[in-house]
Amino acid sequence: MADLLHRLFRAGRHDIALGRLFEGHVDAWQILYRYGGRDQFEALERGDGSHTILGVWNAEGPGYTLEPSEKGLTGGKSYASGAGILTHALVTSAAGTPQTQLHLIDLEQNPGSVDESWWRVSGMRHSDTHRVEWRETESLTIGNPGDYECEPWFSAGALRFATVQIGGLTGLLDAVRDHLTRLNRADDIVQQRRLAALHGEASAALALALSAGHTWMLEGDAFDKTIVANLRNVVYAACERGIALAQQACGTAAYFEDSPVCRFAQDLGMYIRQPGPDAQLAKVGAAVASGSLDVWPCAP
């Protein structure tokens with residue numbers, strides 16, 4: 001687990017959009033490992049030595065729902081990160097219901113119709129997150145209805161993207177430090193305090209992520225998913241404070257599009273807007289109120 005989290009962290013630290021795609025690739029492989037069979041893995045084999053690139057597309061929206069029939073899958077997905085980059089996508093039909101079903105689509109054979117026009121955002125532009133539609137496309141069914149949202153895997157899997165976000169926060173710290181060093185301002189006591197605060201936010205969040213990963217490895221299926229909900233809350237707040245610190249440290253330079261500080265701040269600000277932030281706070285608050293979630297993870 002620690003090795004995987006380290007890889008996710010490093011990807012986010014290098015480039016947050018890349019980290020987003022890498023996290024989706026890992027998510028897809030883990031799902032296939034849990035619920036797939038030999039036929040599904042054989043479908044991913046490539047004889048030319050090139051790599052299979054996977055992702056999970058589950059988001060829907062008005063006009064973008066996916067339904068199966070005897071002739072194949074018809075409909076679409078929104079927020080399909082890596083559209084045009086991935087070779088295969090795990091998609092969901094009947095999303096959000098107890099009958100949610102996973103399907104594996106070969107995007108090289110069935111790329112669908114990709115709408116790139118709507119992804120007009122200030123952050124995460126390079127994640128190639130678009131809308132994709134198919135009509136009666138072929139796919140392989142993965143697992144059984146309801147497998148995709150089995151716990152603790154579904155909720156606790158947020159540990160992966162939270163770790164990428166922490167890597168992105170650290171990449172922002174790197175960009176701020178490099179900017180101040182170029183301007184010979186890294187010795188300024190006020191700027192050093194900002195760098196210290198940024199480092200504190202990133203290192204504290206990373207320690208919590210590593211602790212959550214270690215606990216998950218120890219507890220397995222009994223893992224309390226509210227531990228990751230708490231991590232999501234902490235990382236969200238740490239990133240918002242980190243972005244503010246970076247912009248204070250760099251001033252107007254932090255808003256120039258060709259600045260690494262601007263790129264990391266915009267990508268991070270977009271990426272932390274994961275679904276259901278208020279629900280995560282409520283989950284953690286209820287667990288604390290009931291006494292099931294403690295600051296010290298194990299009973300003394």
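Treat the numbers as computed from the prediction; the structure is a model and nothing was measured.
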Within the 4.5 Å heavy-atom criterion, are [X] and [Y] side-chain neighbours or not?
| X | Y | value |
| --- | --- | --- |
| Lys225 | Phe154 | no |
| Thr74 | Leu66 | no |
| Thr87 | Leu107 | no |
| Leu206 | Glu201 | no |
| Asn58 | Val91 | no |
| Met270 | Arg125 | no |
| Asp187 | Gln192 | yes |

Give a yes or no on whether [X] and [Y] share a hydrophobic cluster (residues Ile, Leu, Val, Met, Phe, Trp, Tyr; joining criterion: side-chain heavy atoms under 4.5 Å apart).
| X | Y | result |
| --- | --- | --- |
| Val56 | Leu140 | yes |
| Val234 | Leu159 | yes |
| Phe256 | Phe264 | no |
| Val114 | Trp57 | yes |
| Val121 | Tyr255 | no |

Walk me through whether Gln274 and Tyr236 qualify under side-chain contact (heavy atoms from CB on, under 4.5 Å).
CA-CA 9 Å; Gln274 295 288 339; Tyr236 184 96; over 6 Å; no

Indicate, with yes or no, if the rings of Tyr79 and Trp118 have centres closer together than 6.0 Å.
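Aromatic pair counts; centres sit under 6.0 Å.
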
Heavy-atom neighbours of [X] [atom1] exceed 12 at 6.0 Å:
| X | atom1 | result |
| --- | --- | --- |
| Glu67 | CD | yes |
| Arg34 | CZ | yes |
| Glu136 | CD | yes |

Please report the closest heavy-atom contact between [X] and [Y], naming both atoms and the distance.
| X | Y | answer |
| --- | --- | --- |
| His14 | Leu18 | CD2-CD2, 3.8 Å |
| Ala246 | Ala254 | O-CB, 4.4 Å |
| Ile16 | Val164 | O-CG1, 4.4 Å |
| Leu245 | Ala197 | CD1-CB, 3.7 Å |
| Leu231 | Ala205 | CD1-O, 4.0 Å |
| Ala83 | Val132 | CB-CG2, 4.0 Å |

Measuring from [X]:[atom1] to [Y]:[atom2], what's the distance to the nearest 0.5 Å?
| X | Y | atom1 | atom2 | value |
| --- | --- | --- | --- | --- |
| Met1 | Thr163 | CE | OG1 | 9.0 Å |
| Lys283 | Asp278 | NZ | CG | 12.0 Å |
| Ser155 | Gln280 | OG | CD | 7.0 Å |
| Asp221 | Trp216 | CG | CH2 | 10.0 Å |
| Leu102 | Leu32 | CG | CG | 8.5 Å |
| His126 | Ser81 | NE2 | OG | 13.5 Å |

Side-chain ion pair, [X] and [Y], N-O less than 4.0 Å:
| X | Y | value |
| --- | --- | --- |
| Asp178 | Arg182 | no |
| Glu240 | Arg273 | yes |
| Asp267 | Arg20 | no |
| Asp174 | Arg177 | yes |

Short side-chain to backbone donor-acceptor contact, [X] and [Y], under 3.5 Å:
| X | Y | value |
| --- | --- | --- |
| Ser78 | Glu60 | no |
| Thr137 | Trp134 | no |
| Thr100 | Ala94 | yes |
| Thr226 | Ala229 | no |
| His25 | Leu54 | yes |
| Glu257 | Cys262 | no |
| Thr170 | Ile166 | yes |
| Gln165 | Tyr271 | yes |
| Asp188 | Gln191 | yes |

Between [X] and [Y]: side-chain donor-acceptor atoms closer than 3.5 Å:
| X | Y | result |
| --- | --- | --- |
| Thr92 | Lys77 | yes |
| Tyr148 | Gln101 | no |
| Thr52 | His88 | no |

Evaluate Leu44 against Trp29 for side-chain contact (heavy atoms from CB on, under 4.5 Å), listing each step before the verdict.
CA-CA 11 Å; Leu44 297 172; Trp29 274 116; 3.6 Å; yes

Besides Leu218, the hydrophobic cluster formed by Ile, Leu, Val, Met, Phe, Trp and Tyr side chains linked at under 4.5 Å, directly or via other members, contains none

Go through it in stages, so that I can follow the logic: the residues are Val176 and Leu195, the test is side-chain contact (heavy atoms from CB on, under 4.5 Å), and I'd like the CA-CA distance, side-chain angles, deciding distance and then a yes or no.
CA-CA 8 Å; Val176 172; Leu195 288 173; 4.0 Å; yes

Test side-chain contact (heavy atoms from CB on, under 4.5 Å) on Leu169 and Leu173; report intermediate values, then the result.
CA-CA 6 Å; Leu169 178 58; Leu173 166 61; over 6 Å; no

